[in-house]
Each structure stands twice: as C-alpha cells, then as structure tokens.
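Report on the following structure.
Only heavy atoms go into these numbers, but all of them, side chains included; no hydrogens, no water, no symmetry mates.
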Amino acid sequence: MLGYKNIEKVKPAGIELTDRLVGVQRVTKVTKGGRAFGFSAIVVVGDGKGVVGYGLGKSKEVASAIAKAVEDAKKNLVRIPLDGHTIPHEIEARYGGGHVFLRPASHGTGLIAGGAVRAVLESVGIHDVLSKSKGSSNPHNVVKATFKALLDLRSANVVARQRGISVGKVFNGK
C-alpha cells in the first residue's frame with residue numbers, strides 16, 4: 001500500500017469490519033457507437049480499533065462497484081498506531097493534489113474532520129483529532145493522503161526502540 005516497508009499488514013479473517021462509502025463517480029467512455037457509462041467507487045473498511053484499509057471498485061452498476069471496492073479494501077488492511085482515542089503526534093501528508101494535516105486532541109474534543117478524512121478516521125477508531133484538508137478535495141487523493149499520514153505515525157515505543165533508549169527518555173530527554 002503506497003510503497004511502505006515498515007507497516008503491519010493484517011489479514012481480514014476473524015475481524016469484524018465495517019465499511020464506509022467515501023464516494024461514487026459516474027465515468028464515461030466515449031466510443032464510436034456512443035457513450036458507455038460506468039461507475040467507480042472508493043470505500044474505507046475498518047474495525048474501529050486501529051485496523052483500516054481502502055479499496056477502489058469499477059463496474060457498470062453502482063452496487064457491484066461498491067462490492068468490488070469492499071473486497072479490494074479487505075486485501076489492503078493495515079494496523080495504525082493509536083494513543084488511546086487519538087493519534088500519537090501531529091502529522092501532515094500529501095498525495096497528488098490532496099494535502100491533509102492531523103493533530104492530536106484531548107479527550108472529548110471529538111473528530112474535527114470532514115468528508116473523506118472523517119470516513120478514514122472513523123474507520124480506524126480515532127475519536128479525538130483536529131484535521132484540515134487543503135488543496136484538492138478529490139476523495140481519491142484525500143483518502144490516500146490521509147492513509148499516508150496515518151502510516152507515517154510512530155508510537156513512543158517504536159521511537160524508543162529505534163533510538164535504543166527508554167520510553168521515558170523519548171519524552172524527557174535526560
């Protein structure tokens with residue numbers, strides 16, 4: 001998924017996944033016999049406990065495009081490091097024209113996000129975060145930028161292990 005090496009892929013077996021439809025687009029192919037209409041759908045699936053994936057499906061009917069997108073999303077599940085009901089640190093990421101900024105928030109703040117970013121964060125199980133989507137509002141690029149940001153997150157334990165120090169030193173620096 002997006003060329004990352006240090007991500008934890010997850011198998012969909014035994015996980016209770018919910019899917020959220022982010023967007024459906026009608027696409028047209030012009031041929032000499034006229035216009036051929038089809039649909040493309042982008043879907044985000046997650047368990048609400050840190051496992052999430054997205055998928056794209058294309059078909060002549062909306063229902064089968066959504067079904068294909070859900071199957072594709074289940075093949076691309078990854079685990080996101082969470083800090084309770086928020087993210088460990090602030091992060092921003094770009095994908096194409098989509099630019100997403102995420103900042104952790106205190107308990108009770110709620111999910112301050114719109115559109116495609118909200119769908120991804122709800123599927124992950126994040127309840128308190130501040131976000132801003134800049135640039136393109138194309139749902140495909142916004143979803144991919146949000147995933148890029150979430151995959152760049154590192155927990156305090158991972159940072160401590162990479163630096164060869166204790167978790168206390170990560171925060172206190174002593």
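Listed by first then second residue, pairs satisfying ring pair (Phe, Tyr, Trp, His ring centres under 6.0 Å) with a partner in residues 57-76 number zero, not counting sequence neighbours. For residues 40-55, the set of pairs meeting the salt bridge (Lys or Arg N to Asp or Glu O under 4.0 Å) definition, not counting sequence neighbours, is empty. Counting only residues at least two apart or on different chains, the salt bridge (Lys or Arg N to Asp or Glu O under 4.0 Å) pairs with a member in residues 83-105 are Glu90-Arg103. Annotation: salt bridge (Lys or Arg N to Asp or Glu O under 4.0 Å) contacts involving residues 52-77, sequence neighbours excluded, are absent. Under the salt bridge (Lys or Arg N to Asp or Glu O under 4.0 Å) criterion, the residue pairs touching residues 16-38 are Arg20-Glu122, with sequence neighbours excluded.
When every heavy atom of Ala116 is checked against every heavy atom of Val143, the shortest pair comes out as CB-CG2, 3.7 Å. Residues Gly98 and Ala145 approach most closely at O-CB, 3.8 Å, considering heavy atoms. For the pair Phe39 and Val27, the tightest heavy-atom approach, listed with the atom from each and the gap, is N-CG2, 4.1 Å. Between Val22 and Pro139, the closest heavy-atom pair is CG1-CB, 3.9 Å. Across Ala73 and Val45, no two heavy atoms sit closer than the pair CB-CG2, 3.6 Å. Nearest heavy atoms, Ala93 versus Ala149: CB-N, 3.5 Å.
With sequence neighbours left out, Leu21 forms a side chain to side chain contact (heavy atoms under 4.5 Å, CB included) with Val24, Ala41, Val43, Ile66. Partners of His140 according to the ring-ring contact (aromatic ring centres under 6.0 Å, His included) rule, which considers only residues two or more places apart in sequence or in another chain, do not exist here. Every residue meeting the side chain to side chain donor-acceptor pair (under 3.5 Å) condition with Ser40, not counting sequence neighbours, appears here in chain and number order: Gln25. The side chain to side chain donor-acceptor pair (under 3.5 Å) search around Ser106 returns Thr109, not counting sequence neighbours. Every residue two or more places apart in sequence or in another chain that forms a side chain to side chain contact (heavy atoms under 4.5 Å, CB included) with Leu153 is listed here: Ile80, Pro81, Ile87, Pro88, His89, Ile91, Leu150. Looking at residues two or more places apart in sequence or on another chain, you find a side chain to side chain donor-acceptor pair (under 3.5 Å) between Ser59 and Ser64.
There is a path of hydrophobic side-chain contacts, each under 4.5 Å, that joins Val52 to Leu82.
To the nearest 0.5 angstrom, Leu111 atom CG is 6.5 Å from Ser131 atom OG. In this structure, Leu56 CG and Lys144 NZ are separated by 7.0 Å, a value rounded to the nearest 0.5 Å.
At distances below 3.5 Å, not a single donor-acceptor pair connects side-chain atoms of Thr146 with backbone N or O atoms of Val117.
Hydrophobic cluster membership of Ile112, counting Ile, Leu, Val, Met, Phe, Trp and Tyr whose side-chain heavy atoms lie under 4.5 Å apart directly or via other members: Leu130.
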Can you check side-chain contact (heavy atoms from CB on, under 4.5 Å) on Phe147 and Val120, steps first, answer last? CA-CA 8 Å; Phe147 263 85; Val120 174; 3.9 Å; yes
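Side-chain atoms of Lys9 and Asn76, non-hydrogen and from C-beta on, do get closer than 4.5 Å to each other.
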